[in-house]
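Notes follow once the structure below has been shown.
In this chain, residues are counted from 1 in sequence order.
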Amino acid sequence: MDRAGLYAAPLFVGVILLFGLCRRAPVFDAFTAGAKEGLRSCVSLLPTLVGLVMGVSMLSASGALELAASLLAPAARAIGLPEEVIPLALMKPISGSGATALLSEIFHSQGADSFAGRVASVLAGSTETTLYCVAVYFGAVGIGKKNHALPAALAGDLAACLCAGWTVRLFLGGGA
């Protein structure tokens, strides 16, 4: 069964090539046209991605994330959210890889089966990299107005943060 994965991609490409050749489609021309379009999309998205990476790096290096987490700690405790997950809740809308690193750190320091580890898991699974998605996907299709999409998506992330501690406590127990 392990070898099936090795053959899946080449088989899939072969079927597509065979199908194109049977239909007498210009397979190589279609491939190069698609590659050119993909390259154009990458080039147009590059400034957005560089800006996001730079922003995440600055947040982490400057200590702003830790400062914001310490300021939000009393409010988090009031809604039943462990202090340890606040940096994750703040990072997830910006960077998926940064959030994954923070999730791993929470698992390492608190334990995956601890209350904080479980709440962090719920947060990681129920929130989205909102700013990244809006910037990249809206930029890719040329949508300039993000009037309703961004607030709605951030409201979803906030709802996940508000409900994560409660949900873990309800279904799995634990917490304060």
Side-chain angles (χ1 to χ4, degrees), residues 2 5 38 40-176:
D2 292 334
R40 276 191 216 106
S41 295
C42 287
V43 168
S44 69
L45 292 175
L46 192 59
T48 303
L49 293 174
V50 168
L52 282 171
V53 168
M54 185 184 71
V56 167
S57 298
M58 289 176 60
L59 272 175
S60 297
S62 70
L65 191 62
E66 289 79 20
L67 177 64
S70 66
L71 293 174
L72 291 172
R77 277 192 299 273
I79 62 169
L81 201 63
E83 275 183 60
E84 298 85 5
V85 302
I86 298 171
L88 173 66
L90 294 172
M91 182 63 77
K92 184 67 189 247
I94 303 167
S95 167
S97 58
T100 302
L102 290 171
L103 179 64
S104 177
E105 186 178 308
I106 291 168
F107 288 164
H108 221 62
S109 65
Q110 303 295 315
D113 287 331
S114 67
F115 181 68
R118 289 177 174 177
V119 171
S121 296
V122 170
L123 270 176
S126 61
T127 55
E128 181 57 75
T129 52
T130 304
L131 299 177
Y132 174 83
C133 287
V134 167
V136 171
Y137 298 134
F138 279 43
V141 294
I143 297 175
K145 285 188 167 184
K146 302 167 187 76
N147 296 355
H148 302 294
L150 186 58
L154 290 173
D157 288 340
L158 179 61
C161 290
L162 294 173
C163 293
W166 177 79
T167 304
V168 170
R169 196 173 295 107
L170 178 68
F171 289 105
L172 302 172

Donor-acceptor under 3.5 Å ([X] side chain, [Y] main chain):
X: Thr129; Y: Tyr132; result: no
X: Ser104; Y: Thr100; result: no
X: Lys92; Y: Ala124; result: yes
X: Ser109; Y: Glu105; result: yes
X: Asp157; Y: Pro93; result: no

Can you tell me how far the [atom1] atom of [X] sits from the [atom2] atom of [Y], to the nearest 0.5 Å?
X: Cys163; Y: Ile79; atom1: SG; atom2: CD1; value: 9.0 Å
X: Leu172; Y: Thr167; atom1: CG; atom2: OG1; value: 9.5 Å
X: Arg118; Y: Gln110; atom1: CZ; atom2: CD; value: 13.5 Å
X: Ser114; Y: Ile106; atom1: OG; atom2: CD1; value: 8.5 Å
X: Leu150; Y: Leu131; atom1: CG; atom2: CG; value: 6.0 Å

State, to 0.1 Å, how close [X] and [Y] come at their nearest heavy-atom pair, and which atoms those are.
X: Pro82; Y: Val119; answer: CD-CG1, 3.9 Å
X: Ala153; Y: Thr130; answer: CB-CG2, 3.3 Å
X: Pro74; Y: Ser70; answer: CD-O, 3.8 Å
X: Leu123; Y: Ala164; answer: CG-CB, 3.9 Å
X: Ala160; Y: Thr127; answer: CB-CG2, 3.5 Å
X: Gly98; Y: Met91; answer: C-CG, 3.7 Å

Do Phe107 and Ser121 have side chains that approach each other closer than 4.5 Å (heavy atoms only, starting at C-beta)?
yes

Min side-chain heavy-atom separation Cys133-Glu128 under 4.5 Å:
yes

What verdict does the side-chain contact (heavy atoms from CB on, under 4.5 Å) test give for Leu65 and Ile86, after you've listed the backbone C-alpha separation in whole Å, the side-chain angles of each residue and the deciding distance to 0.1 Å?
CA-CA 9 Å; Leu65 191 62; Ile86 298 171; over 6 Å; no

